[in-house]
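To start, the structure under review is shown below, and the notes come after it.
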Amino acid sequence: MKRVNAVVVGAGAAGGIVAKQLAVSGMSVVLFERGKWYTPADCRKDDLRNQRTTVLGNAFGPEDEGNPRVLVDAAGNAHVVLPSEGSYQNNAACVGGGTLSYGAQAWRYMPQDFRLKSTYGAPPGSSLEDWPISYDDLEPFYDQAEYEIGVSGDYSPTPFRSPRKRPLPMPPLPANREFEILEPAAKRLGLHPFPLPMLRNSVPYNDRGPCMRCRWCCGFACEVDAKNGSQNTVIPIALGTGNCELRMSSTVKEVLVDDKGRARGVSYFDESGHLQEQLSDIVVVSACAIESARLLLNSKSRLFPNGLGNRYDQVGRNLQGHHYTGAVGYFDHDTYDDMGPGASIAVMDYNHGTPGLVGGGMLANEFIRLPIHMVDRVPKDTPRWGLAHKQAMRAWHKRSIVIMGPTQQIPTADARVILDPAVKDQWGLPVARIQGNCHPHTFEIGAVQSQRAEAWLKEAGAIFTSRTGGKPATISAGQHQAGTCRMGNDPQSSVVNRNCQLHDVDNVFVIDGSVHVNNGGFNPVLTIMAIAYMASDALVHNWKGTGLRS
Amino acid sequence: MAGGVVAGAALAAGCASRGRGNWDFLNDGQAHTLAAICDQIIPADDFPSASQAGAVTYIDRQLARHYRRHREAYRAGLEQAELLSRKLAGVSLSQAPQKSQFEVVTAIEKEQPAFFALVRSHTFESFYGNPRHGGNRDAVSWRMLGLDEPPVRGRAQYDFTKGAQS
């Protein structure tokens with residue numbers, strides 16, 4: 001194989017952007033993806049096999065065969081779990097990664113989210129820290145993500161919006177019925193509701209058409225290609241430069257290291273299952289928080305016996321996701337109009353500033369509902385089966401609203417990814433073993449968020465409500481997974497520096513949600529994208545012919 | 001209520017041949033027992049019951065596909081359910097009167113909770129999920145919920161005369 005400047009591992013939200021930024025700057029790139037490239041025709045509208053409801057498997061990878069993980073429960077018992085099971089903490093395995101099938105909420109974190117420890121203090125037992133970068137450092141790259149990938153919405157009604165230099169490139173989609181019901185209620189409560197930001201075309205943008213408001217949205221590839229991910233924006237541009245080769249159905253085994261302790265490329269299993277090497281000047285790991293940590297831990301060598309970048313036992317720690325909390329409201333009139341994407345209105349009033357709470361969270365109405373989602377969302381006193389359940393489905397499917405949101409997750413060092421000592425994947429590589437939970441203060445924040453969601457629904461006319469959330473016994477780090485290769489200035493308590501460069505090995509980068517110091521009270525993808533632009537910018541700036549300026 | 005009888009008729013139409021019938025995994029006896037349980041979970045009213053909408057077809061297909069790992073649970077669970085029915089109702093579950101079927105399925109939920117949870121989930125999947133997998137015949141549950149079927153496309157596009165104004 002011809003040596004290249006850069007190998008990028010993982011063609012998701014971050015990897016796609018990195019590959020494009022490097023390729024456009026003239027660097028030669030090989031972009032590895034273990035999954036396949038799907039098209040809008042792969043939407044399939046299958047309520048039971050997509051990326052959100054996975055009872056019959058993940059539509060966009062990984063397959064159940066050959067890709068197990070191990071989950072350690074609260075009692076300390078280890079369970080082998082399959083990719084289609086919730087406790088697997090799956091995101092996706094395909095070109096575009098999660099961005100092919102996500103709900104596509106496009107949030108900027110708030111300035112306080114980068115300064116949580118200095119704003120609130122770290123709860124005892126937590127690993128809460130400030131980021132080594134500020135919101136202002138990231139702002140230009142949020143803007144770049146919003147304009148290059150494409151975001152619709154309108155922040156202007158909320159005074160809590162993060163500082164920004166210009167409006168979003170696309171207006172919001174027209175209001176659905178839930179928006180019309182919830183907006184005046186929020187205003188009566190003194191809140192500041194607004195049409196939430198989405199990586200989705202509301203008008204023609206980037207040579208693709210707008211959303212057609214169908215039911216098969218969150219969890220599905222968009223049938224009309226109106227959802228903006230890396231697979232229909234940056235990756236085609238990267239390939240169009242002629243500098244980037246996408247190698248699909250290829251699983252990277254390890255980062256290879258030379259005698260001087262610098263990376264010299266990767267070894268990988270190609271689409272025929274043969275072990276190959278791809279040599280490169282630099283390696284960028286963008287495999288999502290759980291798999292990025294696993295790849296570094298699996299990259300053991302004489303100089304790095306505990307895995308790459310893991311000199312101080314930090315790789316895999318501080319695993320985060322989001323604890324989702326909220327409420328369901330039941331109404332005496334139709335509230336549901338079956339118009340995708342469903343989620344339409346949000347408030348940021350509760351993200352910061354509540355005495356006694358370390359942060360808070362955004363609240364929004366839930367994504368569009370498939371009938372199967374309603375089965376366990378009927379009123380709590382409904383019998384679990386029988387005629388009464390069937391009739392409750394009929395009574396409430398169109399007469400209920402869910403408000404929920406990602407609660408600010410307080411990290412712990414013990415929530416982590418390690419290598420399982422026994423279980424191997426189809427390539428014979430040790431699999432990720434996930435253990436630990438977020439800090440219990442997270443659940444205190446969540447309980448308050450549930451009450452707030454309930455109050456909003458009652459104000460909107462709900463005749464009764466019920467809360468969702470509780471205290472999950474294991475971490476929830478699926479599509480929002482983050483934190484495992486923390487960004488920081490201190491090599492003993494973090495894995496990468498502010499440029500996403502390993503403290504230990506200067507030509508290896510981790511660029512994805514792994515570097516998040518905390519995960520905000522928002523969906524993380526726009527921050528992952530912004531960091532990818534920021535880190536690529538630094539990388540290109542420091543690039544000199546065949547290596548990095550030292 | 002004639003739910004059990006109707007379900008039986010639907011099954012007979014679905015597998016006219018002898019022995020294993022048209023099933024991928026189940027035998028006819030197991031299919032009848034399963035249909036009876038499914039129809040207690042989602043009985044007929046003015047819309048069809050679970051088995052009338054194809055629940056047994058759905059579960060059987062998946063036991064030969066994605067749910068192969070649940071085969072033993074179904075084999076043992078259905079056998080146990082039959083024993084329970086003979087003990088409580090004196091006859092095979094699918095032959096018992098509706099009231100007795102309800103009592104037996106209530107007992108199954110109590111005495112075989114893991115098996116019942118599985119059947120409950122799979123029955124709901126069949127009835128409310130996508131018709132392509134053999135359940136929710138003619139999208140009957142979606143019609144029941146008042147959803148457009150087939151779905152209306154391309155409605156409520158953005159009003160371009162307003163332009164970008166965020």
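For the numbers below, each heavy atom of this structure counts, side chains included, while hydrogens, waters and symmetry mates do not. Protein chains get the first letters and strands the later ones, always in sequence-line order, with residue 1 at the start of each.
Annotation for B:Asp138: atom CG does not count as buried by contact number, only 12 or fewer foreign heavy atoms lying within 6.0 Å. For A:Glu65, the CD atom is loosely surrounded, since the number of other residues' heavy atoms within 6.0 Å does not exceed 12. Taking a 6.0 Å sphere around CG of A:Asn77, one finds it holds more than 12 heavy atoms contributed by other residues, nucleotides or ligands.
Using a 4.5 Å heavy-atom threshold, the side chains of A:Val55 and B:Gln62 count as separate. Counting only heavy atoms from C-beta outward, the side chains of B:Asp46 and A:Arg394 approach each other to under 4.5 Å.
Shown here for B:His66 and A:Ser84, the closest heavy-atom pair between the two residues is NE2-OG, 3.7 Å. The two residues A:Gly386 and B:Pro43 have their closest heavy-atom pair at C-CD, 3.6 Å. Nearest heavy-atom pair across A:Arg384 and B:Arg120 is O-NE, 3.0 Å.
A:Asp64 touches chain B through its side chain: at least one heavy atom from C-beta onward sits under 4.5 Å away, while N, CA, C and O do not. Neither the backbone nor the side chain of A:Arg166 comes within contact range of chain B, judged by heavy atoms closer than 4.5 Å. Within the 4.5 angstrom heavy-atom criterion, atoms from both the backbone and the side chain of A:Lys390 approach chain B. Residue B:Arg65 does not touch chain A at all, counting heavy-atom pairs closer than 4.5 Å.
Annotation: residues 124-135 of chain B contacts chain A through B:Phe124, B:Glu125, B:Phe127, B:Tyr128, B:Gly129, B:Asn130, B:Arg132, B:His133 [non-hydrogen atoms, separation under 4.5 Å]. Contacts of residues 370-380 of chain A with chain B at a heavy-atom distance below 4.5 Å involve A:Pro371, A:Ile372, A:Val375, A:Asp376, listed in sequence order.
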List the atom pairs, donor and acceptor, that lie under 3.5 Å between side-chain atoms in residues 81-93 of chain B and the rest of the protein, sequence neighbours left out.
| from | atom 1 | to | atom 2 | distance (Å) |
| --- | --- | --- | --- | --- |
| B:Glu82 | OE1 | B:Ser92 | OG | 2.9 |
| B:Glu82 | OE2 | B:Thr33 | OG1 | 2.9 |
| B:Glu82 | OE2 | B:Ser92 | OG | 3.3 |
| B:Glu82 | OE2 | B:Leu93 | N | 3.2 |
| B:Ser85 | OG | B:Val91 | O | 2.7 |
| B:Ser85 | OG | B:Leu93 | N | 3.1 |

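Distance check: A:Asp337 CG to B:Leu147 CG gives 11.0 Å after rounding to the nearest 0.5 Å. Here the CE atom belonging to A:Met393 is positioned 5.5 Å from the CG atom belonging to B:Leu145, to the nearest 0.5 angstrom.
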I'd like to know whether B:Trp142 forms a side-chain contact (heavy atoms from CB on, under 4.5 Å) with A:Asp47, so could you lay out the CA-CA distance, the side-chain angles of the two residues, the decisive distance to 0.1 Å, and finally the verdict.
CA-CA 12 Å; B:Trp142 298 352; A:Asp47 297 37; 3.4 Å; yes
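Every pair passing ring-ring contact (aromatic ring centres under 6.0 Å, His included) that includes a residue from residues 80-103 of chain B is listed here, sequence neighbours excluded: A:Trp385-B:Phe102.
Annotation: maximal heavy-atom pairing with chain B below 4.5 Å, among A:Trp396, A:Tyr336, A:Trp216, occurs at A:Trp216.
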